Amino acid sequence: MSAPLLAEGGSLGLSLLAASVVGIGFGFALERAGLGSACKLIGQFYGRDLSVLKVMFSALLVAMLGVFWLGYFGWLDVSAVYVPDTFLWPQAFGAALFGAGLIVAGLCPGTACVSAASGRIDGLFVLFGLLVGMLTVGLGLHRYQAFFESSARGAWTLPQLLGLPYGVVVAAVVVVALFAFVACEWFERRQP
Amino acid sequence: MKPAFHGVLATLALCAAALAARVGSPTSPLAPDEISAVELAEWIRARRTDLVVLDTRTAQALEADGLPGARLAADFEAGTANTLVLYGDQPLTAAPLLRGTPRRLLKLHGGIAAWNRDVLFPVIRSDASQRQQTQFASRAQLSRYFGGSPRVLDPGTQSHRNRSRRGC
């Protein structure tokens with residue numbers, strides 16, 4: 001039997017159970033990395049503490065290499081892994097808005113959950129703001145439906161964009177990541 | 001974490017990455033007794049006289065969507081074919097087919113689904129590069145030879161934004 005173990009459209013209960021397990025693991029990893037603290041996240045933007053980049057990029061590398069090699073050895077059906085659609089301009093706008101919110105709040109949605117679960121008051125307020133924002137966007141989405149669905153590119157991956165084999169792109173991302181880690185260490189050491 | 005441990009992790013990542021670049025694709029390589037749908041299509045188009053394609057399903061299934069030139073495995077009799085390629089949803093047993101004759105027995109990797117996906121209806125994105133389109137041209141030609149139709153995927157019209165998904 002190969003993963004994904006839960007087919008899309010399968011049992012809702014099992015899907016939610018799997019989501020809970022994954023979510024607990026994700027939250028645990030974030031909390032242990034210290035990303036439940038707004039000070040640590042903001043340090044990324046001031047150049048004082050680049051832990052966010054190192055943690056997230058490390059996770060990306062593990063997941064990317066894991067998917068590649070699990071697929072290669074037949075333990076994962078790569079074609080069954082869901083790839084979200086790309087919508088260039090809406091997602092660029094959303095990313096900018098997300099970044100602005102992250103800088104102001106000092107937390108992103110995931111770390112806000114971790115922060116709140118850790119007992120931090122600011123995490124609770126960010127979560128509240130998150131829910132208000134989601135409700136506002138949901139109620140007003142119909143006004144921006146055209147923009148929301150514009151510049152569609154389907155399930156678009158880097159190998160498709162670059163016209164390179166998957167393995168080559170994987171290797172390139174690993175090299176970029178390792179350079180980024182070295183650069184982060186050098187940059188942090190330069191900070192007073 | 002100590003720098004030495006960082007170095008070990010970095011080395012492991014680089015090794016995994018280098019091997020990934022070497023193998024190229026995250027899909028399982030073909031087993032020694034398997035053949036891809038595209039390669040089989042090339043063999044059929046080349047009209048190899050030593051090739052026999054056998055369908056292990058029912059006669060009705062063979063008639064409905066069998067591969068070009070395929071025969072029922074149940075009715076197969078020894079002949080001059082040196083290479084047998086089997087496909088279907090029934091367990092493939094080699095002994096009755098080989099019958100002591102030195103033959104090469106292969107299985108179609110991915111079965112009918114792979115034939116339909118990779119040979120009859122290959123897909124290319126409409127925003128593919130010139131190099132990708134050139135590479136796809138041979139696949140498209142192969143598809144038309146077998147009566148298929150290569151498809152151009154317009155990602156702008158294939159939006160799944162409104163697709164209902166459980167969970168998120």
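These figures come from a predicted structure and were not determined experimentally. Each chain gets a letter, A, B and so on, in the order the sequences are listed, and its residues count up from 1. Side-chain atoms are counted along with the backbone in the values below, which use heavy atoms only and exclude waters and symmetry mates.
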query = What closest approach, in Å, do Asp127(B) and Arg153(A) show between heavy atoms, and which atom pair accounts for it?
reply = OD2-CD, 3.9 Å
inquiry  = For Tyr145(B), is the OH atom crowded, meaning more than 12 foreign heavy atoms sit under 6.0 Å from it?
reply    = yes
message = More than 12 heavy atoms of other residues, nucleotides or ligands under 6.0 Å from CZ of Arg32(A): yes or no?
response = no
request  = First locate atom OG of Ser129(B), then atom CG of Leu164(A), and finally report the distance between them rounded to the nearest 0.5 Å.
outcome  = 9.0 Å
query = Do Leu14(B) and Val168(A) sit in the same hydrophobic cluster, where Ile, Leu, Val, Met, Phe, Trp and Tyr count as joined when their side-chain heavy atoms come under 4.5 Å apart?
reply = yes
task = Can you tell which part of Ser25(B) gets under 4.5 Å to a heavy atom of chain A, answering side chain, backbone, both or neither?
result = backbone
request  = Mark yes when over 12 heavy atoms from residues, nucleotides or ligands other than Phe93(A) sit less than 6.0 Å from its CZ; otherwise mark no.
outcome  = no
key: Region of Leu70(A) in contact with chain B, defined by heavy-atom distances below 4.5 Å   = neither
message = Would Leu19(B) and Phe68(A) count as a side chain to side chain contact (heavy atoms under 4.5 Å, CB included) here? Give the steps.
response = CA-CA 11 Å; Leu19(B) 288 172; Phe68(A) 186 93; over 6 Å; no
inquiry  = With a sphere of 6.0 Å drawn around CZ of Phe136(B), does it hold more than 12 non-hydrogen atoms of other residues, nucleotides or ligands?
reply    = yes
ask   = So how far is it from Thr27(B) OG1 to Asp77(A) CG, rounded to the nearest 0.5 Å?
value = 10.0 Å
query = Considering only heavy atoms, which portion of Pro84(A) lies under 4.5 Å from any heavy atom of chain B: side chain, backbone, both, or neither?
reply = neither
message = Would you say that more than 12 heavy atoms from the other residues, nucleotides or ligands in this model lie under 6.0 Å from the CZ of Arg22(B), or not?
response = no
Closest approach of Ala13(B) to Val174(A) (non-hydrogen atoms, all atoms of both residues) = O-CG1, 3.8 Å
query = For Phe128(A), does the CZ atom sit with more than 12 other heavy atoms under 6.0 Å from it, leaving out its own atoms?
reply = no
key: Crowding at CZ, Arg139(B) (>12 non-hydrogen neighbours, <6.0 Å)   = yes
ask   = For atom CD of Gln135(B), is the number of surrounding heavy atoms from other residues, nucleotides or ligands below 6.0 Å larger than 12?
value = yes
remark   = Closest heavy-atom pair, Gly71(A) versus Ser28(B), reported as atoms and distance to 0.1 Å, is O-OG, 3.4 Å
query = chain B heavy atoms under 4.5 Å from Gln160(A): which part of the residue, side chain, backbone, both or neither?
reply = both
task = Rounded to the nearest 0.5 Å, what's the gap from CG on Leu161(A) to CZ on Arg125(B)? Could you check?
result = 8.5 Å
note = Scanning both residues in full, the closest heavy-atom pair of Ala171(A) with Ala17(B) reads CB-O, 3.4 Å
query = Mind checking whether Pro29(B) and Tyr72(A) have side chains closer than 4.5 Å, heavy atoms only?
reply = yes
